[in-house]
Amino acid sequence: MIDIKNLNYRYRGTEHPVFDDFSLQLAEGSIYGLLAPNGVGKSTLLCLIMGGLLPDKGNGGGVQVDGFDVARRSYEVLRLLYLLPEEMELPPVSLSKYVRAREPFYQDFSREVLADCLREFGLPADPDLGTLSMGQRKKVAISFALATRSKYLLLDEPTNGLDIASKSSFRRVVARHVGDGQTALLSTHQLADVDSLLDHVVVLGQKSEHAAVQLLLDSSVADIAARYTFELRSVGSDTDPDVLFCERRADGLHTLTHRHADDGETPVDLELIYKYLHKQ
């Protein structure tokens, strides 16, 4: 479990905190979506979970992974985590040389998973990393991240830089290779790229520009489906008192309402939930 408890953090030289007494728990065995607008602390939170940034001292808060304090950056905790940053530099060497140098750090590293991901992305088995385009480098980085088979995978904006076909490939490799006992945290503001993968949703927001980050939603997708109804209605239904939020799209008016006991379950529209929470 990743246990974030009473976390405080502000960047050096700034007046306003990013996180102020922030708490969140991420259980094992799920794919989480970490959803927030750009600049609202998603990447900062991932770095705090990884131990690349250290929380402010004061109230004893911090981050623990399987009971280990990540601030200590011990082998016991680092071997559990893998962070794929939004932008990742790769050295100008062959992939096979890159893998030989790094796979000893990951006890469950799978060359079979790596090869399958590369095939899915349409990449050669052993590309020269120095000659790849930005999109190709991103595909290699995703493939390597999944091949580590780390218990906790932290993926920051993993679909940025991918074309439409490659985003579909991303969804397929994550569905295939995030296995039992693993937890993936996908940080993104592009919901359509990942919504079909998610078991659980965490939404962050701010009341104002300099306010600390707030936890707007921490819920399983199943619980969202049990609590809300998502319907396509005719234009004009936005005046109905039961409509919590609505949005006009090309095919009509998409609405969000509380689900009643006799209502059937409807497919979850995470984009509608996300916009509703940020409108509050």
Side-chain angles (χ1 to χ4, degrees), residues 1-4 22-37 40 42 45-46 152-155 157-159 164 167-206 213-280:
M1 175 185 288
I2 296 177
D3 188 10
I4 304 165
F22 180 87
S23 296
L24 175 69
Q25 287 187 338
L26 305 177
E28 298 175 15
S30 294
I31 299 179
Y32 283 79
L34 178 63
L35 313 177
V40 182
K42 298 190 302 295
L45 184 60
L46 294 184
Y152 299 101
L153 291 169
L154 314 177
L155 310 182
E157 298 288 358
T159 60
I164 293 174
K167 290 178 179 181
S168 297
S169 293
F170 169 79
R171 290 189 288 271
R172 286 193 288 270
V173 294
V174 170
R176 283 205 296 269
H177 296 304
V178 175
D180 294 341
Q182 284 184 288
T183 296
L185 180 58
L186 312 182
S187 165
T188 186
H189 67 283
Q190 301 186 41
L191 295 177
D193 292 347
V194 302
D195 59 357
S196 62
L197 293 170
L198 304 181
D199 304 308
H200 201 103
V201 178
V202 173
V203 180
L204 305 181
Q206 290 175 301
V213 172
Q214 289 186 311
L215 183 61
L216 303 183
L217 180 68
D218 175 15
S219 178
S220 69
V221 174
D223 186 53
I224 294 172
R227 291 164 54 195
Y228 297 102
T229 297
F230 302 85
E231 294 180 310
L232 179 62
R233 297 188 180 185
S234 60
V235 175
S237 302
D238 50 330
T239 59
D240 290 352
D242 62 327
V243 173
L244 300 171
F245 184 78
C246 61
E247 180 179 65
R248 289 194 185 190
R249 299 176 186 170
D251 57 346
L253 190 71
H254 289 252
T255 63
L256 169 68
T257 61
H258 286 299
R259 184 181 174 190
H260 302 296
D262 56 346
D263 291 340
E265 185 172 307
T266 57
V268 172
D269 185 334
L270 287 180
E271 183 176 348
L272 214 58
I273 278 282
Y274 176 85
K275 290 179 178 178
Y276 166 64
L277 292 169
H278 281 281
K279 188 179 179 181
Q280 300 306 296

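These numbers come from a predicted model, not from an experiment. By convention here, the first residue in the shown sequence is residue 1. Side-chain atoms are counted along with the backbone in the values below, which use heavy atoms only and exclude waters and symmetry mates.
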Task: Donor-acceptor pair, side chain of His200 and main chain of Tyr32, under 3.5 angstrom - done: no

Open item on the list: What I want to find out is whether Arg259 reaches Asp242 closely enough, with some N-O distance under 4.0 Å, to be called a salt bridge.
Closed with: no

Open item on the list: If the condition is side-chain contact (heavy atoms from CB on, under 4.5 Å), which residues does Ala225 pass it with, not counting sequence neighbours?
Closed with: Glu265, Val268

Task: Test of ring centre spacing under 6.0 Å for Tyr228 and His258 - done: yes

Open item on the list: Show, in sequence, the C-alpha distance, side-chain angles and deciding distance for Leu45 and Ile4, and conclude whether the side chain to side chain contact (heavy atoms under 4.5 Å, CB included) test is met.
Closed with: CA-CA 10 Å; Leu45 184 60; Ile4 304 165; 4.0 Å; yes

- [ ] Work out which heavy atom in Gln182 is nearest to a heavy atom in Leu153; give both atom names and the distance.
- [x] NE2-CD1, 3.9 Å

Task: side chain to side chain contact (heavy atoms under 4.5 Å, CB included) between Cys246 and His254, intermediate numbers included - done: CA-CA 5 Å; Cys246 61; His254 289 252; over 6 Å; no

Task: Closest non-hydrogen atom pair, Leu35 against Lys42 - done: C-CD, 4.2 Å

TODO: Verify, without hydrogens or angle tests, whether Asp199 (side chain) and Ile31 (backbone) share a donor-acceptor contact under 3.5 angstrom.
DONE: yes

Open item on the list: If we ignore hydrogens and angles and just use 3.5 Å, is the side chain of Asp223 paired with the main-chain N or O of Ser220 as donor and acceptor?
Closed with: no

TODO: Compare all side-chain heavy atoms of Val173 with those of Arg176 and state whether any distance is below 4.5 angstrom.
DONE: yes

TODO: Carefully, step by step, assess Arg233 and Val243 under the rule side chain to side chain contact (heavy atoms under 4.5 Å, CB included).
DONE: CA-CA 11 Å; Arg233 297 188 180 185; Val243 173; 3.5 Å; yes

Task: Separation of Leu198 CG from Leu191 CG (nearest 0.5 Å) - done: 8.5 Å

Open item on the list: Between Val178 and Leu197, is there a side-chain heavy-atom distance shorter than 4.5 Å?
Closed with: no

Task: For the student: nearest non-hydrogen atoms of Pro37 and Leu204, plus distance - done: CD-O, 3.9 Å

Open item on the list: Please report the interatomic distance CG(Leu277) to CG(Leu216), rounded to the nearest 0.5 Å.
Closed with: 6.0 Å

Task: Within-4.5 Å side-chain heavy-atom neighbours: Leu34 and Thr188 - done: no

Task: Candidate pair Val194 and Phe170, rule side chain to side chain contact (heavy atoms under 4.5 Å, CB included), full reasoning - done: CA-CA 9 Å; Val194 302; Phe170 169 79; 4.2 Å; yes

Task: Spatial distance of atom CD (Gln190) from atom CD (Glu271) [nearest 0.5 Å] - done: 11.5 Å

Open item on the list: Taking the basic N atoms (NZ, or NE/NH1/NH2) and the acidic carboxylate oxygens, is any pair closer than 4.0 Å for Lys275 and Asp269?
Closed with: no

Task: Spacing of CG belonging to Leu215 relative to CG belonging to Leu217, to within rounding of 0.5 Å - done: 7.5 Å

- [ ] With the side chain counted from C-beta on, respond yes when Phe230 and Ile273 share a heavy-atom pair under 4.5 Å apart, and no when they do not.
- [x] yes

- [ ] Could you tell me which non-hydrogen atom of Phe22 sits nearest to which non-hydrogen atom of Gln214, and how far apart they are?
- [x] CE1-C, 4.5 Å

Open item on the list: As an exercise, state the distance from CG of Asp263 to CD of Glu231, rounded to the nearest 0.5 Å.
Closed with: 7.0 Å

TODO: Please check if the side chain of Thr255 supplies one atom and the backbone of Leu232 the other of a donor-acceptor pair under 3.5 Å.
DONE: no

Open item on the list: How long is the straight-line distance from OG1 of Thr183 back to CG of Leu154, given to the nearest 0.5 Å?
Closed with: 9.5 Å

Task: Residue pair Ser219 / Ile224: nearest heavy atoms and the distance that separates them - done: OG-CG1, 3.6 Å

TODO: Please report the closest heavy-atom contact between Ser187 and Pro158, naming both atoms and the distance.
DONE: O-CD, 3.5 Å

Open item on the list: Is the ring pair Tyr276/Phe245 parallel, tilted or perpendicular, if the boundaries are 30 and 60 degrees?
Closed with: tilted

